[in-house]
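Accompanying notes for the structure given below.
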Amino acid sequence: MKTKLILSIILLLPLASCSDYLNQVPQDLLTLEKTFESRESSLRFLASIYTFMPDEFDQRSVGGGRGQGTSGAWVAGCDEAEYVWEWHKSNIITNGSMNPSSDIVSVYWKKYYQGIRAATIFIDNLKLCKQLYEGDYEQWIAEARAVRAIYYYYLLRLYGPVPIIKEAKSEQSSTEDFQIPRNSVKEVGDYILSELDKAISSGLIDNIKTSGNYLSAEKGLGHIDCAIAKAFKVETRMLLASDLFNGSVEYFRDLKNDDGKLLFPSYDDQQKKQLWSDAAKEAREFIETYVGNGYDLTKIYTKGKLDPYLSYREAVRGYHSEMSNFTNTSSSAIEMIFFRIDTPADIMQYDRTPKHFRAGRSAYEASGGMAATQEIVDEYFMSNGLKPIKGYESDQMTPIINKESGYQDDGFSSEDYLDPITGRVFAPKGVLMAWVNREPRFYADITFDGQAWLNTREGVVYTSTQFSGNSGKGVGSSNDYTKTGYVVRKSAPLGNWRDVNRVCILLRLAQIYLDYAEALNECNPGHPDIMKYLNLIRERAGIPLYGKDLPIPSDVRQAIRDERRVELAFETYRYFDVRRWGIAEKTENKPIHGMNIEKDGPEFFKRTVVENRVFEKKNYFFPIPEREMNINRQLKQNKGWYE
């Protein structure tokens with residue numbers, strides 16, 4: 001059923017600018033009365049506030065995309081992926097050329113503060129509307145409050161502590177009214193949590209999935225409900241507890257405003273442990289409240305058996321036709337928590353569909369411009385649940401093979417490698433042995449040389465990423481190929497890449513499970529729920545369980561991070577995870593690798609440096625935009641960007 005949902009409503013009010021983060025909308029009483037003169041116009045204004053939510057289907061257009069243009073640079077901005085196009089804005093992150101004047105530095109600051117300001121105006125003035133139905137006022141105010149808090153979460157995650165703007169300034173305000181210093185990490189975190197709590201207790205629908213109105217344009221999917229607000233409380237607490245925000249990263253400890261106010265905390269070990277305990281408690285409460293109540297992991301059964309490949313693959317697909325399927329686990333809708341509706345998927349699908357030059361069917365022919373790195377390829381487990389590679393030699397390229405895993409880095413398969421559950425072909429005969437006998441998530445996420453393409457509606461096409469292959473650098477468009485010999489396959493289309501009937505999933509239940517395991521391990525190591533929830537992810541993935549089929553890892557923290565890296569691959573979280581953990585200097589300041597795409601045959605299969613990436617301590621946060629620093633003299637720049 002095709003349903004018109006609130007997020008599809010186009011921005012109603014033009015928001016003219018006074019400064020980049022205090023965006024101006026009409027302030028005079030007559031204009032406000034016109035804006036809120038009817039229930040319909042008020043609802044449209046509420047819808048406009050939502051449009052600043054990120055469109056992660058269009059990460060090619062960093063800082064652009066549909067809606068108000070907050071698509072990220074996050075997948076190619078970390079060690080997961082690399083775009084083929086030199087103009088792609090993720091490059092200024094990975095090559096170290098970003099600075100306070102860079103356009104992507106200003107766009108997120110500007111847009112999220114525009115959304116914050118629009119929400120504040122809505123909250124302050126909805127009372128002018130005289131046509132509201134019973135319950136409208138409370139629900140809509142609560143939604144605007146929650147959306148505003150979520151925008152502060154995105155700002156905190158990207159820039160660190162930011163100013164909390166509680167009033168919507170007018171164009172008539174003096175320059176001095178715009179002199180607002182940064183709040184501390186604790187103040188921003190406490191504000192986000194308190195605003196979400198107010199929204200939860202004062203009008204949000206509890207659980208739209210079980211409300212009976214999930215297809216309603218006014219009370220259905222697309223609106224923030226208590227479940228979404230509580231999920232963002234979990235994500236906020238995970239930030240606050242992590243090393244980058246809890247004061248453990250020494251580099252930022254002395255960052256302070258001009259009046260001497262420190263912006264990062266100086267917690268002792270017990271206080272840090274309490275932050276993790278708070279995060280674990282928040283995640284556990286979400287799980288206890290909602291799992292089995294409209295939420296669960298997507299699980300698909302084939303001939304009576306759990307089908308891990310399909311279960312994991314479909315968990316991230318988000319078809320509109322499945323949006324109301326919350327009663328069984330076969331749909332991605334049951335796992336989705338937060339998402340954008342009516343966000344066309346064609347750009348994402350074009351980037352993740354290989355070139356397939358002269359395949360003879362346009363539905364098969366695209367770009368393959370989003371390449372997966374060798375580093376993420378190496379992270380997927382073997383079918384026996386073990387990691388294939390322990391690390392790398394001093395050249396940062398030659399793998400140190402885990403012999404117990406059964407991994408082979410060279411040679412070619414003599415037969416098809418089949419899915420042990422269904423018999424589907426995971427890896428055709430003749431492919432590199434490194435791509436054989438891997439876990440099901442590998443085959444859902446990575447397109448490699450010699451693999452059959454997903455779309456088989458007009459026949460089977462095999463992808464070749466070698467130089468002269470149908471998706472190689474040496475054929476067809478010189479602008480469309482994979483720089484690593486691998487293409488990101490996760491969320492790629494099963495049919496024509498032009499089909500756009502998809503929902504952009506921004507947060508799903510698997511992440512809450514991994515959050516819970518991580519937080520619990522940091523505050524209460526050895527608690528049985530750590531392995532329970534880690535194993536729920538592994539069970540769905542179709543790999544052996546810790547403590548049952550495999551010994552409990554000696555380094556549980558690393559095991560959780562390894563699982564998170566694979567389960568959430570290409571979903572925008574790796575970029576922020578390595579930063580909040582304080583490990584980006586190790587993961588991002590190094591070369592990324594792939595196959596040798598300049599060659600055919602045996603030479604193609606040699607690991608090759610694709611790009612030398614740069615990361616400095618200052619890169620843990622974006623700088624404050626230079627223009628904002630010029631307008632607001634009270635803003636203190638993030639450390640390292642002014643040196």
Side-chain angles (χ1 to χ4, degrees), residues 146 149-150 152-154 156-157 189-190 192-197 199-201 204 206-207 209 224-246 271-298 315 334-339 505-541 546 556-568 571-574 576-577 580-581:
I150 291 169
Y152 273 112
Y153 164 80
Y154 286 137
L156 176 64
R157 186 176 68 162
D190 286 349
I192 295 169
L193 294 169
S194 66
E195 289 293 285
L196 290 172
D197 278 334
I200 289 166
S201 63
L204 288 184
D206 177 50
N207 184 352
K209 287 185 176 181
I224 302 291
D225 63 5
C226 288
I228 294 170
K230 289 178 179 178
F232 272 96
K233 287 187 67 182
V234 176
E235 297 311 299
T236 301
R237 291 197 184 278
M238 290 295 292
L239 278 190
L240 297 177
S242 296
D243 283 2
L244 183 58
F245 295 89
N246 71 14
Q271 289 172 310
K272 293 174 184 177
K273 185 175 181 180
Q274 184 60 51
L275 289 174
W276 284 115
S277 180
D278 293 341
K281 181 175 182 290
E282 200 79 63
R284 183 178 66 251
E285 288 179 356
F286 182 95
I287 292 167
E288 291 174 346
T289 302
Y290 294 109
V291 174
N293 188 23
Y295 289 90
D296 210 332
L297 294 181
T298 298
I334 201 166
E335 189 166 335
M336 296 188 311
I337 298 174
F338 188 58
F339 43 86
I505 302 172
L506 300 173
L507 177 59
R508 58 191 177 94
L509 183 62
Q511 176 160 332
I512 301 296
Y513 282 4
L514 290 165
D515 288 342
Y516 180 44
E518 179 183 343
L520 198 56
N521 185 62
E522 296 297 329
C523 66
N524 192 4
H527 192 290
D529 274 2
I530 299 169
M531 286 301 123
K532 174 183 176 181
Y533 284 92
L534 194 58
N535 279 334
L536 285 174
I537 300 297
R538 290 174 69 85
E539 178 186 43
R540 198 265 295 275
Y546 294 129
V556 175
R557 173 189 286 175
Q558 189 59 50
I560 293 169
R561 292 181 178 183
D562 290 344
E563 203 69 49
R564 188 179 180 94
R565 185 173 187 184
V566 172
E567 176 67 26
L568 301 178
E571 295 183 50
T572 77
Y573 283 96
R574 173 72 176 173
F576 296 102
D577 280 348
R580 70 179 177 86
W581 291 332

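Just so it is clear, the structure is predicted and the values come from calculations on it, not from any experiment.
Between atom CG of residue Leu297 and atom CD1 of residue Ile334 there is a gap of 9.0 Å, rounded to the nearest 0.5 Å.
Between Ile505 and Phe338 the shortest side-chain heavy-atom distance does not fall below 4.5 Å. Side-chain contact check for Asp296 versus Glu335: every heavy-atom pair is 4.5 Å or farther apart. Counting heavy atoms from C-beta on, the side chains of Tyr573 and Leu507 come closer than 4.5 Å. In this structure, Met238 and Trp276 have side chains that are in contact, with non-hydrogen atoms separated by less than 4.5 Å. Under the 4.5 Å side-chain criterion, counting only non-hydrogen atoms from C-beta, Tyr533 is not in contact with Leu520. Side-chain contact between Ile560 and Ile530 is present, with heavy atoms from C-beta onward closer than 4.5 Å. Under the 4.5 Å side-chain criterion, counting only non-hydrogen atoms from C-beta, Leu244 is not in contact with Leu239. In this structure, the side chains of Ile537 and Tyr513 come closer than 4.5 Å at one or more pairs of heavy atoms.
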- prompt: Under the side-chain contact (heavy atoms from CB on, under 4.5 Å) criterion, do Arg540 and Thr298 qualify, and how do the steps go?
  reply: CA-CA 8 Å; Arg540 198 265 295 275; Thr298 298; 3.9 Å; yes

- prompt: Do Arg557 and Glu522 pass the salt bridge (Lys or Arg N to Asp or Glu O under 4.0 Å) test, and can you show the C-alpha distance, the side-chain angles, and the key distance before you say yes or no?
  reply: CA-CA 8 Å; Arg557 173 189 286 175; Glu522 296 297 329; 2.9 Å; yes

- request: Walk me through it: do Trp581 and Asp243 pass the test side-chain contact (heavy atoms from CB on, under 4.5 Å)?
  value: CA-CA 5 Å; Trp581 291 332; Asp243 283 2; over 6 Å; no

field: Stepwise side-chain contact (heavy atoms from CB on, under 4.5 Å) check, Phe286 with Asp515
entry: CA-CA 11 Å; Phe286 182 95; Asp515 288 342; over 6 Å; no

task: Begin with the C-alpha distance, continue with both residues' side-chain angles, and end with the deciding distance and a verdict on side-chain contact (heavy atoms from CB on, under 4.5 Å) for Leu534 and Leu514.
output: CA-CA 7 Å; Leu534 194 58; Leu514 290 165; 4.0 Å; yes

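For the pair Ile224 and Ala229, the tightest heavy-atom approach, listed with the atom from each and the gap, is CG2-N, 4.3 Å. Closest heavy-atom contact between Tyr295 and Ala227: OH-CB, 3.6 Å. Of all non-hydrogen atoms in Lys281 and Glu285, the two that sit nearest each other are NZ-OE2, 2.6 Å. The heavy-atom pair separating Ala280 from Ala519 by the smallest distance is N-CB, 3.6 Å. Taking all atoms of both residues into account, the shortest heavy-atom contact from Cys523 to Lys273 is O-CE, 2.8 Å. For Asn246 against Leu240, the heavy-atom pair with the smallest separation is CB-O, 3.5 Å.
Ser194 places a side-chain N or O within donor-acceptor distance of the main-chain N or O of Asp190, the cut-off being under 3.5 Å. Listed for the Asp206 side chain is no donor-acceptor partner under 3.5 Å among the backbone atoms of Cys226. For Asp225 (side chain) and Ile228 (main-chain N/O), a donor-acceptor pair under 3.5 Å exists by modelled atom type.
Looking at Asp529 and Arg284, no side-chain N of the basic residue comes within less than 4.0 Å of a carboxylate O on the acidic one, giving no salt bridge.
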Pair up each side-chain donor or acceptor in residues 230-237 with any protein partner under 3.5 Å, not counting sequence neighbours, and list the distances.
unit_1 : atom_1 : unit_2 : atom_2 : d
Lys233 : NZ     : Asp197 : OD1    : 2.6
Lys233 : NZ     : Asp197 : OD2    : 3.4
Lys233 : NZ     : Glu282 : OE2    : 3.4
Glu235 : OE1    : Gln511 : NE2    : 2.6
Thr236 : OG1    : Phe232 : O      : 2.7
Arg237 : NE     : Glu282 : OE1    : 2.6

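Under the side-chain contact (heavy atoms from CB on, under 4.5 Å) test applied with Val556, the options Arg561, Met531, Glu518 reduce to a single match, Met531.
A cation-pi arrangement is not found for Arg580 relative to Phe245, the charged atom failing to lie both closer than 6.0 Å to the ring centre and inside a 45° cone about the ring normal.
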